[in-house]
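Every chain is numbered from 1, with letters handed out A, B, ... down the list of sequences. All heavy atoms count here, side chains included; hydrogens, waters and symmetry mates do not.
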Amino acid sequence: METKLLILILNGLTQAAIFFVLGSGLTLAFGLMRVINLSHGAFYLLGGYIGYSVVHATGNWPLALIAGGLSIALLGFLFERTMLFRVRGGDLPETLLTIALSMIIADVSLAIWGGHPLTLNVPAYLNPRVTIFGITYPGFRYLLMGISVFIALSLWLILYQTKLGAAVRAGVDDRETVSALGVNIDAIYSLVFVLSALLVGIAGVLGGSYLQLSPGGDTTILTYSLVIIILGGMGSLLGTVVSSLILGQLLSFGLAYAPQYSYFLIFVPMAIVLAIRPQGLFGREL
Amino acid sequence: MSVVWKDLRRLVLGVVAGGLLILLPFYAGEYTVTTFVRIIYFGFLALSVGMLVGQAGMISLTQTAFFGLAGYVIGLLGAERGMPFPWRDLIAIAAVLVMALLFGLVAMRTHKIVFLMITLAFGQICWAFAQQNTSLLHGWAGIRGIRPPAIAGINFNRTSNFYWASLLIFALGILVLRLLARSSFGLALNGIRENPRRMAALGYPVYWIRVAAFLIAAIYAGIGGLLATYNTGIITPTTIQLSRTIWVLLMVILGGSTYFWGPVVGTAVAVWLDVLLSEGTERYNTVIGVIFVFVVLFLPGGILSISDSLRDGRGFPFWRRLYARKNSG
Amino acid sequence: MHASLVVTNLHAYYGKSHVLQGCNLTVEQGCVAVLGRNGMGKTTLLRSIMGLTPPRSGGIRWRDKEITGQKPFKIAGLGIGYVPQGRRLFPSLSVEEHLRLTYRHRGLAAAWTPQRVYDLFPELADRRQLSGTRLSGGEQQMLAIGRALVTNPCLILLDEPSEGLAPVAIERMVETCHELRKAGISLLLVEQNLHVAAALAERIYILVSGVTVYESAAETFLKNLELRQKYLGV
Amino acid sequence: MEKKMFKNLFVFLAVLIAANSDVRSAEKEIKVGFISAFTGVFSSFGQQQKEGAVLALEEANYTAGGDKITVIYEDDQLDNEQAVTKAKKLVVQDKIDILTGLVSGDEGLSVGDYMKDKNIPVIPMYSASEDMTMRAFYPMIVRATWTGAQSMDVFGYWLAKVKGWKKIYAIGEDYSYPYNQGGGFKRGFFRGGGEEVKTVWHPVGTTSDFSSIIASIPTDQGYNAVLYNGAGGDAVNFVKQYVELGMLQKIPLIGQSNTFEKPDVESMPADIVGSLSAHHTADDLATPAWTKFKEAYHKRWGHDPSAASEFAYSSMRLILRGIDRQKGDISDKPALVKAMTQVDMSDDPRGPVALDPKYHSAIENVYIREVAKDDKDQLYNKGLWTVKNVGQFGPYDPELYLKQPPDTGSYPPDTPSAFAPEMLKAASEYQYIPFGQ
Amino acid sequence: MATSLCKSFGGVHAVRSADLKVPLGERRALIGPNGAGKTTLFNLITGELAVDAGRIEIFGVDITHKTIQQRAKLGLGRTYQISQLFLNLTAEENLFLAAAAGRGMEFHFLRPWRARLKLIQWAHQCAEQVKLTSHLSKRVSELSHGLQRQLEVGLAIAMRPRLIMLDEPAAGLSPSERPVLTSLIKGLSREVTLILIEHDMEMVLDVADRITVLQHGSVLAEGIPAEIRSNRKVQDIYLGTIYARQLGSN
C-alpha cells in the first residue's frame, strides 16, 4: 500500500509537470496581453501532431520536441502579427478570434491526421524502466518532470533575472510608460505570445508521447489549462506552479479513489477559490 | 405625418412577416418547418447570451448549461418519473433560476475577462457533471424518450403543431424582452454596460441589477432548453459542451450583439449555414471558423451593422475597415 | 549632441476632448518650462511629443527629423527621456531593475550608467533591491529621473516633477536638474509650481486651453506680475 | 433603424424560404441516409464505416435492383441530439428510403427511438446496444452485426471454463457500450465458474492519465487478469501506461472487443503481444471471402480493414441485396425488411451470418484472438478459437434473458452470488473450434 | 463633517488627518497644489476609496463605512474630473438614469421608462438647467467635450442630491466654455450644499462662499475668498518659502 501511495504521488507529479507546461504559456500571455488564448488546446494538439509526423518520418524524438515547439511558435507569431494585433484591447474580439482559430486548427488536424488516436514513440533510451525504492516507474515520466522543472526554472530566470523579463513585468504594470522609456512593447507582446505558443507546442509533444493525441483532445486540454490558471491566479507563474501541483495530485488520487468523478473533482478547488478569492490563489486584482 | 407613415409601413411589414411565419407549414416543406423550430430554440439561447452581451456587457459562457439543465429536469421528471405538464416544466424553470442565482452571486463579483473565464468554468463544471453522473443523469447516454405534452387534445408531436406552439412562445419571449429592453430596468442595464462606476455613484445597486439580468437571461436559456428537448426527445451532455457554447456566441456576434434582433438573425443564419454546410462539405468546421474570423476582423458589428453603415454613407464595413487600416499604416 | 525640438501647430485629442488646439514650442539648449493651470493640456503636450497621444495634426521635429506619429519607443530611442506625471514606477520591478531595464549605452564615453545614477542619488543605491513603489516620494522622483537618465537622452521631458513632494525634496530635485543641465542635457519642464520653474527655466511658454498664448525669457515673465495674474491666477 | 432591421429580417426570411422549397427529383433513385461521427472523438470509427460502405457500393456500381443508389452522409459528431436532428433532416427533407450508419449504442437508441414510427428500415452498422434488437426492438430494425454482449459472453465463459481463471479486475469507460460488453463478459465468466469481476468505471475521453487507476489494482489478491473495457484513445492510453508501469509482468491484460482493434493497436507498445480479446473478426482470417475483401479493401483504401469497416461493408451489402430481392420495388417497406432478413449472407467476409427472424439480429461466428506481431513488426489480432453460430442471446433462453434487467454500470453484479441463479445455467454449450478449421 | 481622515497608498500618505466641516447650503471650494490630496479626500467622502482612519458624516449620519450606493441614497451626488457618462446612450437617457436613481425604478422590468412622465419631466428640467435641451436625443459620444461637462453636472443635479461634489468641473474646457459652466453652477438651488475642487481661480472666487486650502494631505487654511487671497500661508504654497526670496530678488 505504501508503494501505491508513492506511485500515486509520482503520478500526480507527472500530471503536474504537463499541467505546468500547459498553464505557464497561457498565464504568461494573459499576464502581459490580457489575452485569453482559447486556441491553446488546439495549439497543443497541433504541436503534438507535428511532433508525431516528425517522429514517424525520422524516428528522432528530440527533433520532434523541437519541431513541435517551433512550428507552434511560428504559428503563434503569424497569428499574433496578422490578426490578433488588429483587435488588441478588445476582450470579446480577442477571445472570439482565438476560438475561431482553434476550430480551424482542430478541423484541419482531423483532415490531415485523421481521427485515430496517435501516440509518439519515445525511444527506449529516453524511457528506461527506472526502479527506485522498489517502485518501477517509467523513466520518461521522470524526464517529463525534469523538463517541466527546467522550463519553470528557465521561465523564472528569464522573468526575474534578465532585462527581457524586467521589460515583460514592467509591461504588465504600465505598458505606456515602459514604451515611452524606449522599450518596444509591441515586439515584446509578440515575443511573449510566441513563447507561450512554443511552450504549448512542447506540451503537445510531451503530452502526445506520454498520453495520446486524438480529436476532441483540444477542448479537454483547454479546460485543464483554464482551470490551472484560474486556480493559480491569472498571470502568476508561482500560481501556475502551485495550482499544477494541487490539480495533479487531485487528479491522481481522484482517479485512484473515485475514478467516476475524477474529472469533475478538478473543478472543486477552482469553485472554492472563485467563491472566496475571485482573482485566484496568487492573482492580482484585475 | 411621416411618422405615422413609417409606423404604418412597419406595421404592414410586421404583419406580412408574421403571416409568412405563421403560415409556414402550409407552403414550406416539413424540414423547413423543423429548421425553424431549431432556429426558435437556439434563438432563445442566443437571446439569452445576446441580452447579457449586448444589453449588459457581460460575456457569459454558462448559458448553455441552463439550456441543458431545463432539458435534464423535464427528462428526469417527465420521461422517467411521469410528472405531467406543466409541473415538470415549471420545476425546470425554477431549477434554472436557483442555479443561475448560485452562479450569479459568485460570478457577478467579477467583470470582463475574468467574468468570461468564470462563466466558462461554470459551464464546464456542469458539462463534466452531466457526463460523469451515471446514476441520475446517465452520463454520456443522457435521457431519451422525452415527448411534448398533449394540451387540450392537440398533439404536439406533429411538427406543425409544435412549430406553432414554439412560434407563439418565441413571439411572447421577444415581446417581453422588447419591453424589458425599453423599461427602466433595461436602461439601467445599459447604464451598467456603459459605466458601472457612475451607476454605483448614482445609487444603483449595480451588483443586484446584474444578478437580476443573469436570472432573466437564464430563464430564456431555460425556455430554449425545454423546446429543444421536446423537439429532439433526448438530452445528453453534448448539448452543453463547450463547442455548443461557442457556437451560440458565434450566432450572437454574427447577427450583431448590440442590436435587438441581432441574436435572432445570427441564429437564423447560423442554423441555416449549418444545414447547408454539413451537406456540402465535411470540413464545415473550417468554413465556420473562417467565417468567424472574417466577422470578428471585418464585421465586428455583425450582419445588422451592414445596413446601418450603408445608411450612414460609410460604405460596406469590410471595405471601411481595410481602408482605415491602410490609412493608419 | 545638441537638442533641438520644434513643435508646430500641434492638435491632439484626448478621447473626444480637443486638448491641444494649436501648440507651438521650441527647445534648443537649456531648460524650457511650460506653465499653465490644470487642464490646459500641458501633460498632453508632453505625451504627444513622446508619441503616447499621437497628435491629430501638426508637426514635431527632433533634430531636423520629423517624429510625428512615431511609436513611443522609437522616439525614446532617438534621445528623448521621459519622466511622467506621478512618476509611474513599476511595482513589480526593483530599483536596480528599473535602471537596468532602460539602460542604453549608445556608445557614449561618458554615458549615464546605473552606477552613475547611484553616485548621483546615493539614497537609491541603498535601496537597490527594493520595489520602486516602496520608496518615499522624493526617492521615487529620483528613480523616475534616473530611469530616464540611463537611456542617455539629450532632452528630458519632466512632467510636474515637484508634484506631491515635500519642500526639501523639491529642493533636491531642483539641484539635480541643475546638475543635469551642467551635464549638457536639455530639459522640457511642465510645472504648476512657479518657483520650480523660476529656479530652472530660461524660457517660458504659457499654455491656455491647448494653445501657446505666450512665450518669453523666464525673467521677463516672472517679473511681470500682471501677466502672472492673468495666466496663472497668482 | 428598427424598421430597417425588421425589413432585413423579412427579406432574409423570404430568401430562406425560397431557398428551401422542397423539390423531389423525378428520376428513380433509392436514397440511403448514413449518419455517423465523421468528426469529433469517434471520427475514427465513422471513417472506417464510410470506407467499408463505399467499398460495398462501388462493387455494386451504386445500383441495386436496377435502381440507382444515392447515399447521403450526415455527421453527428457523436452528439445524440445532432444525430436525431440529422435523422429528422434525412427523413423529412431528403425523404430517404433506408437509414444506416450509427456508431455508438446511445446514438443507435436515440435515432432508433426517433425512427420508430417513420416506416423506414433502420440498419445499424456498429451500434451494439443490445436493446435495439431486444427491449427497444421494432420490426423496421435489421441489425446484421452484433450486440455488446454477444462476443463477450463467449470470451468470459472460455476464460473461466477453459483457462480456469477465477478473478478478473475490469476497468471500463463509463457508458452504455462497455456496460453491455462487461455484462456479457460477467455472464459468461460466472457461468463458466468465475468468482469475481471487480468493476471500476472511469469517465470517457477526459481521463488521459490512467496510471493512478492502474496503480490501484491490487497485485496481491489473485486477480488472473485485468480487463480493459474501453476503446479508442482511452484504450491506447491505458494499455501504454499499463505496460510502462510494469504491470504486464504482474497481471496479464485482456481487452473488450474493440480494445485491441486496428488501427489503434498499432499505436500500442509491442509488449502486449499475447493479450486476449474476442470479436466477430480476426485480422488473420484466411477464408476466401475474407481474403478477397481484405485485398479489395487494401486496394481501395491503402490499409487493412477493421471490424467497424467490415460491419459497414456487410451491412451495406445486406441493404443492396435486400433491394435486389425486391427487384428495386421498395415502396412496401415491411416487405423490404422481410427481404433483407432473408438475404443470404453465408459469404460474409467475417464468416457466415444469418439473421434471427424474430429480432432481426445476427447469428455469427465469434473469434477468440490474441495480439500478435506480423513480419513487418505490426501488431494485429491473431485468431485462436472459433465459436460458430452465436446469437445475441448467447446460450440463454431468450425469454429468460429478456427478464433480466438491462446492463448498466452496476448490473450485473461483481460476483455470481448476487446474480439470478437460472442465468448460471445455459440452454446450450459453446463449441470452441481451433481457429481456421 | 469629515474628521481626521487618513488614507495612504503604498507608503505615500495622500491624505493625512484632514478635517472638513461644511454647513448646509454652503458652497465650498477645495484648492491646493497638485498632489495635495484633493481628489483623494473627495473619493473618501464619496466612498470610492475606503478610509484608513477617521470618520465621515453627512446630514448627521455616519457614512464612514457605507457603500457608494448608500451614500448616494442619502443625497450625495458627484461629478468626475474625467467625465463618467453613458457614452452610447442619449443625453435624455443619461439624465433619466440619474433622475430615476434611488427611486426604485431599477427593478421595474416591463414598464417602459418613457412612461414615467414625472421623471422625464424632471430630467428635461435638469437638461434645461444645464442648457442641453436641444441635445436631448443625441448620443453622448456625439456631444462636444463642453456639452459633456455640462451633462456631467446635469447628472449630479438630476439625482436631486442634498450635497453635490464637483471634481474639477471645468477640466478641459476652453475659456469660452467656462462662463457657461460657471453660471450654471451659480444658478444651482441654494438648498443644495456644494463642494468643489477647481484650479480655475476665477471660477473658484466667483462661485465659492468659503475656500479650504489643502497641502500634503491636510488643511492649510480655510476662510472666505478674500481671506484666502490675502493669507500669507496660502501665498506661500503658491509662492513657496524657499524660492520666494529668489523670486523676489529676480
Top of B/L249, B/V295, B/N133 for chain A proximity - count of heavy-atom pairs under 4.5 angstrom: B/N133
Among the listed options A/I36, A/V227, A/T219, A/L222, the residue most often paired with chain B at heavy-atom distances under 4.5 Å: A/I36
B/I118 side, atom CD1; A/I230 side, atom CD1 - distance, nearest 0.5 Å: 6.5 Å
Nearest atoms (heavy-atom pairs only) where B/G289 meets A/A100: O-CB, 3.6 Å
Nearest-0.5 Å distance that lies between atom OG1 in A/T223 and atom CD1 in B/I125: 11.0 Å
Separation of A/I99 CD1 from B/W247 CH2 (nearest 0.5 Å): 13.0 Å
Side chains of B/I59 and A/T95 in contact at under 4.5 Å (non-hydrogen atoms): no
Interchain contact, A/V108 with chain B, by part (heavy-atom threshold 4.5 Å): both
Proximity breakdown for A/I276 and chain B, heavy-atom pairs closer than 4.5 Å: backbone
Part of A/I266 lying under 4.5 Å from any heavy atom of chain B: neither
Toward chain A, the part of B/L120 with a non-hydrogen atom under 4.5 Å: side chain
Option in B/L105, B/I246, B/V53, B/L116 with maximal non-hydrogen atom pairs under 4.5 Å from chain A: B/I246
A/L226 CG to B/Q124 CD distance, which is reported to the nearest 0.5 Å: 8.0 Å
Closest-packed option against chain A by number of heavy-atom pairs under 4.5 Å, given B/L250, B/V106, B/V293: B/V293
Candidates B/I288, B/T286, B/V287 - the one meeting side-chain contact (heavy atoms from CB on, under 4.5 Å) with A/M103: B/I288
Between A/G280, A/P93, A/A111, the one whose heavy-atom pairs under 4.5 Å with chain B are most numerous: A/A111
Region of A/M83 in contact with chain B, defined by heavy-atom distances below 4.5 Å: both
Closest heavy-atom pair and its distance - A/I104, B/V290: CD1-N, 3.7 Å
Gap separating the CG atom of B/L297 from the CG atom of A/L96, nearest 0.5 angstrom: 10.5 Å
Flag if over 12 foreign heavy atoms under 6.0 Å of CZ, A/F77: no
